[in-house]
Amino acid sequence: MTRRTAAILGGSGYTGGELLRLLLRHPGIEVVGVTSQGHAGEPVHRAHPNLRGATTLDFLPRDKLPDADVIFSCTPHTEAMAVVPNLMRDGRVVVDLSADFRLRDPAAYERWYGTPHTAAHLLPEAVYGLPETRRAAVKGARLISGVGCFATATNLALLPLARAGLLEGARVVVDGKIGSSAAGAEVNAAGMHSERSRSHRLYAATSHRHAAEVEQETGARVHASVHTVELVRGVLSTCHILLPGPAPDEKTLWKAYRAQYQDEPFVRIVKERAGTHRGPDPNLVAGSNFADVSFHAEAGDGPGRIVATCALDNLVKGAAGSAVQSMNVALGLPETDGLGQIPLHPV
Amino acid sequence: MTRRTAAILGGSGYTGGELLRLLLRHPGIEVVGVTSQGHAGEPVHRAHPNLRGATTLDFLPRDKLPDADVIFSCTPHTEAMAVVPNLMRDGRVVVDLSADFRLRDPAAYERWYGTPHTAAHLLPEAVYGLPETRRAAVKGARLISGVGCFATATNLALLPLARAGLLEGARVVVDGKIGSSAAGAEVNAAGMHSERSRSHRLYAATSHRHAAEVEQETGARVHASVHTVELVRGVLSTCHILLPGPAPDEKTLWKAYRAQYQDEPFVRIVKERAGTHRGPDPNLVAGSNFADVSFHAEAGDGPGRIVATCALDNLVKGAAGSAVQSMNVALGLPETDGLGQIPLHPV
Amino acid sequence: MSQTILETAPLECPECAARLAITPTLAGEVLDCRGCGAELEVVSLTPLLVQLAPHAEEDWGE
């Protein structure tokens, strides 16, 4: 089977490292190069110690990106939109891990990212890289956007309810808990271990960027907040759906979630009645492309509530994993190729 | 100044240990005894290693509780209501740390604790031991109930909004994050370090016990959920107030919180615009009786939201600290006596 | 940027409405509100006018 070639632009950050970890063990892909302005000339394992011995690649200077069938761009938000258009070639798939091509509406982008979109002409063609909501569109895509990690956990928790019409007339609050790697590898005071360890606080009381992504993918208008918790990898999104009337019974919810996810390779319904681990827990999916979802109906007097949660690894299903999964779909490769990692337990 | 005497019934658990830690350094109190059926005859530091050298007391058998001006009962829920009535004496203050005398309505107790209340005749006299909401009633009280930790964090976050009428017509979701010590010292599978470390999951999707306590103290009807997080001590309650109309501006919120808390010795408004630690964080109040609160207004199109949070130590302000604080008020001692501990940072 | 114009009422912080106990001496001086820690820039002395100094949003990254 002839392998396809892949290269990574700006691969010294956490997302770049995850793309390498997945692609280096992908049966259908050969990684032909990874660039990094800051680490040019250094061995990859200098920035990604877990990759020692897995590759002999060195980081290339930014302007030495080799040609490849698939290009992953890890250039940060607002810079990517200047870079990505130059990467586009016929017959090539470009996957942009930044937020620049996630929102189809350039006005929403400008509102939440504070700067006008300079490549808005590509937005109609860009496909949001979440196969669980856009598999058909990803198939033929030339430009695929990465996904937001918190938005993806929220989308996957809410999707079955949205599709079953159970969000109608409801007000939705999304309370996120997220690990420190989501803030990226860049050094900053708040990220110091001695300050960040065991810190549990509201990091963003309102989080419109993610809310915009959620509304685009599931149609749900949400009030989002994000907390820091004692995790490096992992995000847990807890969605509180305040219903206009009584809550449906849990059988109805089982049907809605099964209908949406029974054939999905990476979304698992985790709702156990016994044992220690009964619901989604980011600690139990770390390093894998799994997204675990669950749901609870709260009856009681007065209008009811549904609580839906989703746990995933912000660097895998919330970034590099969905990117590789989307690449598989776009290239016509088996969707699970390179994404079979089993998570650790105990961990 | 003649010191008052205090004794603890069932003091080998975490709450008992915290009561001892506070009372052994209380200027107006002499601890005359602490009982434990399981640890009778053993030195106190066998169960509470932090107290080594702070006391020469040994645990007494349960039936050897000495007479004292103040008795703290740490007997568990549903057992306490059989024990507390026999502790009552004229001129004595009884503080019951269990949930048995928190709810004034015996029907609510039966509904949420699954058993009829066998000492309901004492409920009218029992005072909920949260001076911030019931200082006047605590003054002359003979029977004071301890407080729920998650309920207290929620009450203190919501109280200013309730008193300012800002909860009218709103629906309130409370998303709690709580440390492992809240489950008590009893050995259980879920509490094993190798299973519990870094576990972040929905521990209780619905939490009616706490909701009942919140409704009683602030009048707010809430939909509550609780998560386990990587903390031993600490609870963070994040309250999402979905308003019927637009959100008030933050100046209005500042006034409501300042009016409620500017004279409170233990509740601090933590809402900074700069620096690493800008909002309430249980990690930064561990070991102290402080409860830090904050608030945020979310405007935007459509009906608004207020996000109010409170962080406290579930064993101190959420249990033993409020109990000692209430004892001070009931005995006419300075309210801050024995509660001046400064928390640690970095920690 | 909301501004507070001092006519009669004592100087009030534009962010949290706390009363500002200190009396600024120079235009352009930056003072901290004791109530909320907001940095306030003195825009003018007569009338006394303060406004919120721009503050760094938390770098949310992701």
Side-chain angles (χ1 to χ4, degrees), chain A residues 171 173-175 177 179 188-192 194-203 205-206 208 211 221 223 225 227-232 234-236 238 240 242 270 275-284 286 294-305 307 309 311 345-347, chain B residues 171 173-175 177 179 188-192 194-203 205-206 208 211 221 223 225 227-232 234-236 238 240 242 270 275-284 286 294-305 307 309 311 345-347:
Chain A
R171 291 189 71 180
V173 169
V174 183
D175 189 300
K177 295 87 180 167
N188 63 77
M192 289 296 295
S194 51
E195 296 294 339
R196 176 68 172 68
S197 289
R198 297 195 171 222
S199 162
H200 289 75
R201 61 183 175 79
L202 195 57
Y203 185 87
T206 58
H208 299 292
R221 301 198 61 173
H223 298 271
S225 301
H227 299 77
T228 57
V229 291
E230 182 63 28
L231 280 173
V232 172
V235 56
L236 178 69
T238 307
H240 303 275
L242 294 180
V270 177
T276 298
H277 303 288
R278 304 185 183 194
D281 182 347
N283 200 39
L284 296 177
S294 189
F295 47 86
H296 306 265
E298 178 180 46
D301 24 38
R305 172 179 57 143
V307 183
T309 64
H345 174 267
V347 62
Chain B
R171 291 189 70 180
V173 169
V174 183
D175 189 299
K177 294 86 182 169
N188 64 77
M192 288 294 296
S194 51
E195 296 295 340
R196 176 67 171 67
S197 289
R198 297 196 169 221
S199 163
H200 290 75
R201 59 184 174 78
L202 198 55
Y203 175 77
T206 58
H208 298 291
R221 301 198 61 170
H223 297 271
S225 301
H227 298 78
T228 58
V229 291
E230 183 62 29
L231 280 173
V232 173
V235 57
L236 178 69
T238 307
H240 304 275
L242 294 181
V270 177
T276 297
H277 303 287
R278 301 185 181 197
D281 182 345
N283 201 37
L284 297 177
S294 191
F295 47 86
H296 306 266
E298 178 180 45
D301 23 41
R305 171 178 58 143
V307 184
T309 64
H345 175 265
V347 63

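Convention: sequence-line order gives letters A, B, ...; per-chain numbering from 1. No experiment lies behind these values; they were computed from the predicted model shown.
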Leading residue by heavy atom contact count with chain A [cutoff under 4.5 Å; candidates B:Gly234, B:Ala190, B:Ser197, B:Ser225]: B:Ser225

Leading residue by heavy atom contact count with chain A [cutoff under 4.5 Å; candidates B:Leu284, B:Val307, B:Thr238, B:Thr309]: B:Thr238

Pair A:His277, B:Arg201: side-chain N/O donor-acceptor within cut-off below 3.5 Å: no

From A:Arg171 atom CZ to B:Arg171 atom CZ, the distance as rounded to the nearest 0.5 Å: 9.5 Å

Point-to-point distance, once rounded to the nearest 0.5 Å, from CG of A:Leu236 to OG of B:Ser199: 9.5 Å

Contact class of A:His296 relative to chain B, heavy atoms under 4.5 angstrom: side chain

Which atoms of B:Val232 approach chain A - backbone, side chain, both or neither, heavy atom under 4.5 Å: both

Polar contact flag, side-chain donor to acceptor under 3.5 angstrom, A:His227-A:Asp175: yes

Under 4.5 Å from a heavy atom of chain B, the part of A:Leu231 involved: both

Pick from B:Val347, B:Leu202, B:Asn188 with the largest number of heavy-atom pairs that fall under 4.5 Å of chain A: B:Leu202

Non-neighbouring partners of A:Thr206 that pass side chain to side chain donor-acceptor pair (under 3.5 Å), sequence neighbours left out: none

Donor-acceptor pair, side chain of B:Arg196 and main chain of B:Ala189, under 3.5 angstrom: no

Heavy-atom side-chain contact between A:Glu195 and B:His345 under 4.5 Å: yes

Proximal component of A:His223, with respect to chain B [non-hydrogen, under 4.5 Å]: both

Which atoms of A:Pro282 approach chain B - backbone, side chain, both or neither, heavy atom under 4.5 Å: both

Residue, of A:Glu298, A:Arg221, A:Arg305, that accumulates the most heavy atom pairs under 4.5 Å with chain B: A:Arg305

Which residues share a side chain to side chain donor-acceptor pair (under 3.5 Å) with A:Thr228, sequence neighbours left out: none

Residue, of B:Gly302, B:Pro346, B:Ala205, that accumulates the most heavy atom pairs under 4.5 Å with chain A: B:Ala205

Chain A contact via B:Leu242 - which portion, at a heavy-atom distance below 4.5 Å: both

Which of A:Met192, A:His208, A:Arg278 touches chain B most, by non-hydrogen pairs under 4.5 Å: A:His208

Most contacts with chain A, counted as non-hydrogen pairs under 4.5 angstrom, among B:Ala286, B:Pro303, B:Gly191: B:Pro303

